[in-house]
2 protein chains.
Amino acid sequence: MAKPPFTNDIRTLRFLAGEMTQGDLGDRVGVTRQTIAAIEQGKYSPSLEVAFRIARCFDKPLEAVFQWSDDAD
Amino acid sequence: MAKPPFTNDIRTLRFLAGEMTQGDLGDRVGVTRQTIAAIEQGKYSPSLEVAFRIARCFDKPLEAVFQWSDDAD
DNA sequence: ACTCTATGTCGAATATTTTTAACATTGAGT
DNA sequence: ACTCAATGTTAAAAATATTCGACATAGAGT
C-alpha cells in the first residue's frame with residue numbers, strides 16, 4: 001500500500017473552517033472518521049469521488065486540497 | 001457499482017492530443033486500456049492517483065478533465 | 001484526579017477498483 | 001473479401017479503499 005504521490009491540506013482546511021473535526025468532515029463527506037484520518041495522513045489514495053466531496057466541503061477546487069508531488073512522471 | 005457523480009472529457013482530450021488511443025493513454029498512466037475505457041465511460045470512480053496521472057498526460061488541471069455534476073449536496 | 005472529545009491505530013470484514021484474458025464489433029486500408 | 005487496429009464487454013481474480021469495533025493517548029475543562 002504505497003503512499004500516494006500527492007500531499008493534502010485537509011488538516012489545515014479543517015481548522016480554517018472553524019475547528020471542524022475529522023468526524024464532522026466524515027459526516028459531511030459520507031465516510032467515517034477513520035477514513036478521513038487515513039487520507040489526511042496520506043496512508044492511501046482516496047477515490048476521486050471522495051476527493052471531490054472533501055474539496056466541496058471547503059468550497060475549494062480539488063487542487064487546492066490535494067497537490068501532486070511526484071518527481072518522476 | 002453506482003455511476004460516479006461527475007463526467008469527464010477524456011475521450012475528447014485523447015483526440016485533441018493527436019489521436020491518442022486508450023491503449024496509449026493507459027501505457028502513459030500506468031493502467032490497462034480496459035481501465036481507461038471504463039473510466040472514460042463513467043463505469044466507476046478512479047482513484048485520485050489515477051485521475052491525477054490522466055490529467056497530467058494532457059497537461060491539464062484535474063478539473064479540466066473531470067467535472068463534478070451532482071445536483072444533491 | 002476525573003471526564004470528555006479528538007485523534008491514532010489495528011485487525012478483520014466488506015466494497016470497490018484494477019488486472020488479466022478472452023471474445024465480439026466496427027471502420028480503414030489493401 | 002481480408003486484415004488489422006481500436007474499442008466494447010465480460011467474468012474471475014487480485015489489489016486497494018473503506019468500514020466497523022475496539023482500545024490507547026493526549027489535552028482541555030471541572
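Atoms considered below: every heavy atom in the structure, side chains included; atoms not considered: hydrogens, waters and symmetry mates. Lettering follows sequence order; numbering is per chain, from 1. Remember, it's a predicted structure, so these values are computed and weren't measured experimentally.
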| query | Residues in side-chain hydrogen bond (donor to acceptor under 3.5 Å, both in side chains) with A/Gln67, at least two apart? | reply | A/Thr7, A/Asp9

| note | Taken in chain and number order and not counting sequence neighbours, the residues that satisfy side-chain hydrogen bond (donor to acceptor under 3.5 Å, both in side chains) with B/Thr21 are B/Asp24

Interatomic spacing from [atom1] in [X] to [atom2] in [Y] - rounded to 0.5 Å:
| X | Y | atom1 | atom2 | result |
| --- | --- | --- | --- | --- |
| A/Phe52 | B/Ser69 | CZ | OG | 9.0 Å |
| A/Arg53 | A/Phe58 | CZ | CZ | 14.5 Å |
| B/Ile10 | B/Gln22 | CD1 | CD | 9.5 Å |

| Terminal helix-axis angle for the helix from C/dA1-D/dT30 to C/dT30-D/dA1, with five pairs defining each axis and rounding to 10 degrees | 40°

Side-chain N or O of [X] closer than 4.0 Å to phosphate OP1/OP2 of [N]:
| X | N | answer |
| --- | --- | --- |
| A/Thr32 | D/dT19 | yes |
| B/Ser47 | C/dT17 | no |
| A/Arg11 | C/dG8 | yes |

| Sugar-phosphate only, base, or nothing, as touched by A/Thr35 at under 4.0 Å among non-hydrogen atoms | base

Test your reading of the model: is there a side-chain donor-acceptor pair from [X] to the backbone of [Y], 3.5 Å cut-off?
| X | Y | answer |
| --- | --- | --- |
| A/Arg14 | A/Met20 | yes |
| A/Ser45 | B/Glu49 | yes |
| B/Gln41 | B/Ala37 | yes |

| query | Looking at residues 12-27 of chain B, who's got a heavy atom less than 4.0 Å off DNA chain D? | reply | B/Arg14, B/Thr21, B/Gln22

What donor-acceptor contacts under 3.5 angstrom involve side-chain atoms of residues 59-66 of chain A, with partners at least two apart or in another chain?
unit_1, atom_1, unit_2, atom_2, d
A/Glu63, OE2, B/Leu62, N, 3.2

Interatomic distance, [X] [atom1] vs [N] [atom2] [rounded to whole Å]:
| X | N | atom1 | atom2 | value |
| --- | --- | --- | --- | --- |
| A/Lys3 | D/dA17 | NZ | C1' | 16 Å |
| A/Glu40 | C/dG8 | CD | C1' | 11 Å |
| A/Ile36 | D/dC20 | CD1 | P | 14 Å |
| A/Leu48 | C/dT18 | CG | P | 10 Å |

| request: List for me each residue that meets side chain to side chain contact (heavy atoms under 4.5 Å, CB included) alongside B/Thr35, sequence neighbours excluded, and say none if there are none. | output: B/Val31, B/Thr32, B/Ile39, B/Tyr44

Kindly give the atom pairs (protein nitrogen or oxygen, nucleotide nitrogen or oxygen) under 3.5 Å for nucleotides 9-15 of chain D.
unit_1, atom_1, unit_2, atom_2, d
D/dT9, OP2, B/Gln41, OE1, 2.8

| message | Among residues at least two apart in sequence or on other chains, which ones pass salt bridge (Lys or Arg N to Asp or Glu O under 4.0 Å) with B/Arg11? | response | B/Glu40

